[in-house]
Amino acid sequence: MNDSITSAEWVNPLRDPRDLRLPRIAGPCSIVIFGVTGDLSRKKLLPAIYDLANRGLLPPSFGLTGFARRDWTEDHFKDFVRENVIAHCRTPFKESTWTQLAAGIRFVQGTFEDKKAFERLSNTVAELDRDRGTRGNHAFYMSVPPRDFPIVARQLADCGLSRSSEGAWRRVIIEKPFGHDLASAKALDHVVSEVFDPSSVFRIDHYLGKETVQNILALRFANAMYEPIWNANYVDHVQITMAEDIGVAGRAGYYDGIGAARDIIQNHLLQLLALTAMEEPVSFAASDLIAEKTKILSAVRLPRDLAAHTARGQYAAGWQGSHEVVGYLEEKGIDPSSTTETYAAIRLDLDTRRWAGVPFYLRTGKRLGKRVTEIAVVFKRAPHLPFESTATRELGKNAIVIRVQPDEGVTMRFGAKVPGGTSMEVRDVSMDFSYGRSFTESSPEAYERLILDVLLGDPPLFPTTKEVDLSWEILDPIEDFWSTLGQPQPYRAGTWGPEEADEMLARDGRHWRMP
Ligand SMILES: NC(=O)c1ccc[n+]([C@@H]2O[C@H](COP(=O)([O-])OP(=O)(O)OC[C@H]3O[C@@H](n4cnc5c(N)ncnc54)[C@H](OP(=O)(O)O)[C@@H]3O)[C@@H](O)[C@H]2O)c1
């Protein structure tokens, strides 16, 4: 039976007729997920696909194929998808959406090494084209350990799935980490680009799919009041923080030997830096946005004295709220003599007219005081304060803080007069914008946005090879330096990192914000 409906014929029942924005609905297509039984797929990818279907953004003919080594029937796999969707979906679970999605679900059993399994996959994809009308348009999601990217890419090439016929597309989605250093990233890119055209490769940095991250661009370029002060004349420094309160939590095998800087700074934090510091793009077309991000990553200058301007740490036992937790070296699956850092802080400077002399401090860590991601643009003090010096004793520096997670929004910190009293006293106050309070619609999950962008072939939110390479060029010398140092400085779980990190900022006459 051919039950294909093109996106042009499809009327989205959920759309509000007053909404004049053009719907971005994917055309006929399918997605194949490798590693479909894994953590990422269960908690993020499958629920995101359901949520997209529920919002009417997938074509009714959509196909979803899971590739896994477990010996499951198609019905068993459908039950697995349903269970995980119910457990993790953002929008309400509806039987009608599920029935439509389930009709396009397929399962292929096999390992990445098994040529026959890829032939079966090729037949399944052809069946979807024939019976569901997916028209040769297929995305392949590699939700697999990084060491397996090359073998899956080669198998796709060997069974002919990486090539599309006239008018159809094939795209590949690759999860981070993209390499371990510049050399391995280039080697991986070489393999992937032999199989897929560079324009068909989508490297996921799920931070870029977050609404607040996109709001950096709205805040900067849709308003008149920020850009005039967004430069070295007014900005003292910028702090970009991604703090986690959890430990290595079941990811020991992945994390040990990688560490905080490779896991977070190389991708998420450098992308946040690029969006915060870049010039206004000519348009929001992918090529214009990418050109500006690339320029800023090329302008990054490392500190000459890495010992003074970088810091690393490793969490020791302590308390996380009311729970006593073990140190990194006592975690299950961690080598007790591991020198992997669970905290990293670095200072970077930008060689541009806009940012000359303004340090960007990046920090990330596990088992810190609280889970928070934010960008704080901290301003210089007013050039003159016409008050008694005692009046401004408690006045800090003005700041604009973009809160990426949780409680997404923007905070402005400035001085205000303390009410009453007989003398003038000025103290810091905050003004808050919170997404949750200002908009009734909840933000889609980052993976919803990114999967839809892949299906639409819309690449601005995906880092290019050039950006990945530049990020490794920034990080590699720091990692080389750290590899000569031995054990990172311990910090107690539940605190804000090692003393080294506080000293690093104190040397510059500054201190870390307490988020
Ligand atoms: N988890 C996250 O939140 C997260 C966040 C960001 C990025 N990532 C990245 O996303 C990717 C997947 O992460 P994950 O946490 O989902 O990993 P995971 O839980 O370890 O899952 C890996 C998947 O790959 C499958 N697999 C491994 N070797 C295979 C083989 N030889 N043949 C067939 N299947 C094989 C596993 O199948 P079995 O079930 O049969 O073992 C499993 O489904 C990784 O690149 C990771 O770095 C994950």
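Counting from 1, the numbers follow the sequence of the chain as shown. Note: hydrogens, waters and symmetry copies are ignored here, and every other heavy atom, side chains too, is used.
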Begin from the C-alpha positions of D236 and R510 and carry the test salt bridge (charged side-chain N to carboxylate O under 4.0 Å, His left out) through to its verdict.
CA-CA 10 Å; D236 178 74; R510 302 187 174 96; 2.8 Å; yes

Test R403 against E374 for salt bridge (charged side-chain N to carboxylate O under 4.0 Å, His left out), laying out the working first.
CA-CA 4 Å; R403 304 191 308 271; E374 62 165 45; over 6 Å; no

Residues R354, E227; criterion salt bridge (charged side-chain N to carboxylate O under 4.0 Å, His left out); working and verdict
CA-CA 11 Å; R354 184 192 281 266; E227 270 315 280; 3.1 Å; yes

Would R55 and D51 satisfy salt bridge (charged side-chain N to carboxylate O under 4.0 Å, His left out), going step by step from the backbone distance to the final call?
CA-CA 6 Å; R55 290 164 64 206; D51 286 323; over 6 Å; no

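In terms of heavy atoms, A53 sits closest to L101 at CB-CD1, 4.3 Å.
Between the side chains of H268 and D205, at least one donor N or O sits under 3.5 Å from an acceptor N or O. Counted by atom type alone, E175 and Y141 present one or more donor-acceptor pairs between their side chains at under 3.5 Å. In the model, R449 has a side-chain atom that pairs as donor or acceptor with a side-chain atom of Q214 under 3.5 Å.
Using a cutoff of 4.0 Å between basic side-chain nitrogens and carboxylate oxygens, R203 and E467 are not scored as salt-bridged. The pair K295-E279 does not count as a salt bridge, with every side-chain nitrogen at least 4.0 angstrom from each carboxylate oxygen. Between R24 and D458 a salt bridge is recorded (basic side-chain N to carboxylate O distance below 4.0 Å).
Panel note: side chain Q487, backbone S338; a donor-acceptor pair is recorded below 3.5 Å. Without hydrogens or angle criteria, R367 side chain to Q320 main chain gives no donor-acceptor distance under 3.5 Å. Using a distance-only test at 3.5 Å, with no hydrogens or angles considered, no donor-acceptor pair links the side chain of D189 to the main chain of A185. Formation of a donor-acceptor pair under 3.5 Å by the T342 side chain with backbone atoms of Y315 is found in this model. Within the 3.5 Å criterion, the main-chain N or O of E499 finds a donor-acceptor partner in the side chain of Q489. Formation of a donor-acceptor pair under 3.5 Å by the N267 side chain with backbone atoms of D263 is found in this model. Listed for the N215 side chain is no donor-acceptor partner under 3.5 Å among the backbone atoms of A218. Between the K417 side chain and the G420 main chain, a donor and an acceptor come within less than 3.5 Å of each other. The main-chain N or O of A308 is never found under 3.5 Å from a side-chain atom of R347 such that the two would form a donor-acceptor pair. W319 contributes no side-chain N or O that, together with a main-chain N or O of R492, makes up a donor-acceptor pair within less than 3.5 Å.
Considering OG of S184 and CZ of F178, their distance stands at 9.5 Å, rounded to 0.5 Å. Here the CG-CG distance, from L208 to L275, works out to 6.5 Å after rounding to the nearest 0.5 Å. Taking CH2 of W355 as the reference point, atom CH2 of W230 lies at 6.5 Å (rounded to 0.5 Å). Atom CD1 in I346 sits 13.5 Å away from atom CZ in R363 (nearest 0.5 Å). The CH2 atom of W512 sits 6.0 Å away from the OG1 atom of T241 when rounded to the nearest 0.5 Å. Taken from CD1 in I49 to CG in L57, the straight-line distance is 13.0 Å, to the nearest 0.5 Å.
Contact check for R413 versus V401: no side-chain heavy atoms found under the 4.5 Å cut-off.
Of the residues Q271, Q405, K176, the one that meets the side-chain contact (heavy atoms from CB on, under 4.5 Å) test with Y207 is Q405.
By the 30° and 60° cut-offs, the orientation of the rings of W98 relative to F93 is tilted.
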